[in-house]
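A quick note: this is a predicted structure, and the numbers were derived from the prediction, not measured.
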Amino acid sequence: DFDAARVLCREGMNAHEFFVIREGTVDVTKDGELVRSLGPGDFFGGTALLEGEPRRTTVTAATPLRAFVLSSQAFRALVHANHEVERHALRELVAESVIERKIAEENLRRQAEINAYQALHDPLTGLPNRILFSDRVQQGLLTAERNTSRLAVVMMDLDRFKEVNDTLGHQAGDVLLQEVATRLRSALRFVDTVARLGGDEFGVVLAGGDRRDVIEVIERIREAVERPLLLRDLPVVVEGSIGVAFYPDHGRNVEALLQHADIAMYVAKQQHTG
């Protein structure tokens with residue numbers, strides 16, 4: 001890699017090196033006047049600098065440059081047949097290298113996207129995880145504060161989920177969690193966020209609307225979750241303990257809202273099991 005404005009070759013300099021351009025361009029000048037520009041696939045070097053170019057020629061990187069640097073012996077090995085073979089071989093070498101690099105860059109980009117997604121989503125259900133959920137609550141708070149509107153944070157866990165795991169196995173429990181995730185998505189609006197926070201606990205962010213609207217959404221959530229489900233050919237019915245906290249009534253930051261919603265969920269669970 002070479003920076004722009006770097007002098008790469010002039011008469012009497014780098015006499016035993018040849019350069020093959022992979023990316024970028026170079027300017028060939030004689031006595032300060034531009035003779036021509038070279039790009040990917042072109043080459044230069046040695047005491048002659050360029051075939052057919054006069055002496056006192058200087059080659060300078062016009063842009064940031066990536067190039068192969070070959071010894072004179074390696075260069076001669078490439079050109080021993082004829083110039084057409086030489087140019088074709090060099091251009092093929094450059095093209096292959098560029099393609100390989102682009103493939104590698106694309107693979108790295110895709111892997112970075114996968115890593116970023118996995119860092120913010122639950123691997124079992126594909127829902128946002130606790131990190132992304134907290135961020136969505138924060139974004140919802142900023143919007144609600146800006147628009148002087150309301151925000152509801154809902155927490156839910158599944159009653160008797162441990163019994164499903166213990167009696168039917170963890171695989172059946174995973175299927176149940178995936179089905180609950182699908183049902184929660186279908187019960188919510190596009191602008192709402194549902195997340196799996198861990199275990200059998202889910203969180204929902206509901207933007208805007210009054211208490212009546214929130215209660216209607218919670219009823220849809222409850223109905224969706226409590227529909228019977230077949231697990232190992234057995235009908236299973238689960239219930240959800242649900243707690244809700246409102247902005248600004250129960251808090252003006254993420255921590256306060258999550259804490260109040262969690263407490264409300266715990267109270268609801270005690271009533272179910274009491």
Side-chain angles (χ1 to χ4, degrees), residues 1-6 8 19-26 38-42 61-70 90-147 151 153-157 170-171 173-208 247 253-255 257-258 261-262:
D1 294 316
F2 301 94
D3 297 330
R6 169 85 173 271
L8 295 171
F19 299 83
V20 183
I21 303 173
R22 292 176 59 190
E23 293 180 24
T25 59
V26 298
L38 304 176
D42 291 320
T63 66
L65 190 71
R66 179 168 290 181
F68 290 113
V69 181
L70 304 173
L90 289 173
R91 283 179 170 79
E92 288 297 319
L93 182 63
V94 171
E96 182 179 352
S97 174
V98 170
I99 290 173
E100 288 178 352
R101 182 181 57 78
K102 287 184 177 180
I103 291 174
E105 289 176 350
E106 178 64 16
N107 289 338
L108 287 174
R109 184 188 65 79
R110 289 180 180 177
Q111 188 60 51
E113 291 178 352
I114 291 172
N115 292 343
Y117 180 88
Q118 291 176 341
L120 297 174
H121 291 81
D122 170 52
L124 178 65
T125 64
L127 294 178
N129 61 15
R130 185 177 290 273
I131 297 173
L132 184 54
F133 180 71
S134 296
D135 181 73
R136 295 287 174 83
V137 175
Q138 179 62 44
Q139 296 304 315
L141 283 173
L142 294 175
T143 301
E145 183 178 5
R146 183 170 58 250
N147 298 336
L151 180 78
V153 175
V154 179
M155 304 284 276
M156 181 190 77
D157 74 358
H170 290 284
Q171 185 176 3
D174 288 347
V175 172
L176 174 59
L177 292 172
Q178 290 169 335
E179 177 63 22
V180 168
T182 299
R183 293 181 181 187
L184 288 173
R185 285 193 190 99
S186 65
L188 298 174
R189 303 167 299 177
F190 177 77
V191 295
D192 300 325
T193 295
V194 56
R196 183 188 176 204
L197 306 182
D200 61 336
E201 186 176 6
F202 295 84
V204 178
V205 184
L206 303 175
Y247 166 85
N253 57 57
V254 175
E255 291 75 16
L257 287 174
L258 293 182
D262 197 58

On a heavy-atom basis, which atom in [X] and which in [Y] lie closest, and how many Å separate them?
X	Y	result
Leu177	Leu124	CD1-CD2, 3.8 Å
Ala195	Pro128	CB-O, 3.1 Å
Leu120	Leu132	O-CB, 3.5 Å
Pro40	Gly24	CD-O, 3.5 Å
Leu8	Leu65	CD1-CD2, 3.2 Å
Ala4	Ala62	CB-O, 4.1 Å

Subject >> Gap between atom CG of Leu184 and atom CE of Met156 - 0.5 Å precision >> reply: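 With rounding to 0.5 Å, CE (Met156) is 4.5 Å from CG (Leu184).
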
Subject >> Atom pair CD1/CG of Ile21 and Leu38 - distance to nearest 0.5 Å >> reply: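 One gets 5.0 Å once the value is rounded to the nearest 0.5 Å.
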
For [X], check side-chain hydrogen bond (donor to acceptor under 3.5 Å, both in side chains) against everything at least two apart and list the hits.
X	result
Asp200	none
Arg109	Glu106, Glu113
Glu201	none

**OP:** Please examine the side chains of Phe202 and Val154, heavy atoms only from C-beta on, and report whether any two atoms are closer than 4.5 Å.
**Re:**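 With C-beta onward as the side chain, the pair stays apart.
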
**OP:** Could I get the full list of side-chain contact (heavy atoms from CB on, under 4.5 Å) partners for Asn147, not counting sequence neighbours?
**Re:**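 If we apply the side-chain contact (heavy atoms from CB on, under 4.5 Å) test to Asn147, skipping adjacent residues, the hits are Thr143, Ser149.
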
Subject >> Under the side-chain contact (heavy atoms from CB on, under 4.5 Å) test, residues paired with Thr63 that sit two or more places apart >> reply: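 Thr63: side-chain contact (heavy atoms from CB on, under 4.5 Å) contacts with Thr25.
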
Subject >> Pairs involving residues 179-198, ordered by first then second residue, that meet ring-ring contact (aromatic ring centres under 6.0 Å, His included) (sequence neighbours left out) >> reply: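 The answer is none; no pair qualifies.
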
**OP:** Can you run down the side chain to side chain donor-acceptor pair (under 3.5 Å) pairs that involve residues 128-140, sequence neighbours left out, and say none if there aren't any?
**Re:**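 Listed by first then second residue: Arg136-Thr193.
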
**OP:** Sequence neighbours left out, what pairs pass side chain to side chain donor-acceptor pair (under 3.5 Å) with at least one residue falling in residues 114-124?
**Re:**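 Checked against side chain to side chain donor-acceptor pair (under 3.5 Å) - neighbours excluded - the pairs reaching residues 114-124 are Gln111-Asn115, Asp122-Thr125, Asp122-Arg196.
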
**OP:** State which residues pass salt bridge (charged side-chain N to carboxylate O under 4.0 Å, His left out) with Asp157; sequence neighbours excluded, sorted by chain then number.
**Re:**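 Per chain and number, Asp157 pairs via salt bridge (charged side-chain N to carboxylate O under 4.0 Å, His left out) with Lys269.
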
**OP:** Please check if atom CG in Asn107 has more than 12 non-hydrogen atoms from other residues, nucleotides or ligands closer than 6.0 Å.
**Re:**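 Check passes, neighbour count above 12.
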
Original post:
What's the verdict on side chain to side chain contact (heavy atoms under 4.5 Å, CB included) for Phe133 and Leu127, showing C-alpha distance, side-chain angles and the deciding distance?
Top reply: CA-CA 9 Å; Phe133 180 71; Leu127 294 178; over 6 Å; no

Subject >> Summary of salt bridge (charged side-chain N to carboxylate O under 4.0 Å, His left out) pairs that have at least one residue in residues 181-195, sequence neighbours excluded >> reply: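 For residues 181-195: Glu179-Arg183, Arg189-Asp192.
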
